[in-house]
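Below is one structure, written out as structure tokens; comments come after it.
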Amino acid sequence: MTGPSWLAGGFAGLMLATAGYCAGRLVAARVQRLPAERDVDLVHMLMGVALAGMLVPRIGLRPAGLWTALWAAVFAAAAGWFAWRAGLAWWLARRPGPPAGHHLPHLIMSGAMIYVLLAAGHGAAGSAPGAAMGGTGARFPVLAIAAAQFMAGYVLWAAGRLPALAPVRDWQSAAPASAVPRPPLSPRLAACCTIAMGLALAYLLVMVA
């Protein structure tokens, strides 16, 4: 199953832009020493490149052959990392104090990336947009559709939370003056990156189902 070329191309461009922005976030957080989820930004940068390659193979970034296994290993490591972070957050939530971060969506996104890589990575090498979705790898349609539904629901939830994410200037004014805090690095744009990744991943999951 393949989708329209303009849609695959649009998603690919969005993924490359998101990957570039996440790379910039990593540099900015390092140089300016601002609080940021560096692990999420790193995985989103890699995910954007891999997704763009699967959506439009002719741009030369398509994971294939040995590269498919290497990409799958990368996202398996990411899934393991986020599983550990989610478990740690759950453990810390049982203790008094501020709530810990929530990493379960990133765990599921990493697992979904492994699925689409293995399902689409063995297809015929085409040059048309969306050709990577015509693979013949092992597929589990129910699992793919369930993951796509989760992605869609998470995108809606994350989009609904955008107004609640305080701009940096509001965060600074609300913080105690004596603490001299460092403002977080663009929390709304970080959420937009997650939304973009969720949309593209949900689209690919439907294509390979």
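These numbers come from a predicted model, not from an experiment.
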Report task. May I have the step-by-step check of side chain to side chain contact (heavy atoms under 4.5 Å, CB included) for R85 and D39, ending in yes or no? Result -> CA-CA 10 Å; R85 293 292 302 272; D39 52 352; 2.8 Å; yes
Query raised in the report: Under the side chain to side chain contact (heavy atoms under 4.5 Å, CB included) criterion, do L70 and V74 qualify, and how do the steps go?
Result: CA-CA 6 Å; L70 293 176; V74 167; 5.7 Å; no
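Residue W157 is grouped with residue Y203 when hydrophobic side chains (ILVMFWY) are merged at heavy-atom distances under 4.5 angstrom, including chains of intermediate members. In the hydrophobic clustering of ILVMFWY residues, with side-chain heavy atoms under 4.5 Å counting as a link, F140 and M109 come out together. The same ILVMFWY cluster, assembled from side-chain heavy atoms under 4.5 Å apart, contains both W6 and L204. Cluster annotation: L205 is not connected to I145 through the hydrophobic network of ILVMFWY side chains, with a link wherever side-chain heavy atoms come within less than 4.5 Å. Using a 4.5 Å cut-off between side-chain heavy atoms of Ile, Leu, Val, Met, Phe, Trp and Tyr, with links allowed through other members, V116 and L7 fall into the same hydrophobic cluster.
Here the CE-OG1 distance, from M47 to T194, works out to 9.0 Å after rounding to the nearest 0.5 Å. Atoms NE2 and CH2, on H103 and W81 in that order, are 8.5 Å from each other to the nearest 0.5 Å. Taking CE of M113 as the start and CG of L117 as the end, the distance is 4.5 Å to the nearest 0.5 Å. Y21 OH to C192 SG: the interatomic distance, rounded to the nearest 0.5 Å, is 8.5 Å. Note: M45 CE to C22 SG = 8.5 Å, rounded to the nearest 0.5 Å. Distance check, rounded to the nearest 0.5 Å: OH of Y154 to CD1 of I108 gives 10.0 Å.
The backbone N or O of A147 lies less than 3.5 Å from no partner atom in the side chain of Y115, so there is not a single donor-acceptor pair. Between the side chain of R25 and the main chain of L42, no donor-acceptor pair closer than 3.5 Å is present.
Closest approach of M15 to A200, counting heavy atoms only: SD-CB, 3.6 Å. Nearest heavy-atom pair across T68 and L118 is CG2-CD2, 4.4 Å. Shown here for H44 and C193, the closest heavy-atom pair between the two residues is ND1-CB, 4.2 Å. Taking each heavy atom of A19 and G48 in turn, the nearest pair found is CB-CA, 4.1 Å. Across all their heavy atoms, A79 and L107 have their closest contact at O-CD1, 3.1 Å. When all heavy atoms of A29 and R38 are compared, the pair lying nearest together is O-NH2, 3.0 Å.
Side-chain contact check for W71 versus I114: every heavy-atom pair is 4.5 Å or farther apart. Using a 4.5 Å cut-off on side-chain heavy atoms (C-beta onward), L104 and F82 make no contact. Contact annotation: the side chain of L162 approaches that of I195 to within less than 4.5 Å [non-hydrogen atoms, C-beta and beyond].
When the options L51, L199, L201 are evaluated for a side chain to side chain contact (heavy atoms under 4.5 Å, CB included) with F11, the one that passes is L199.
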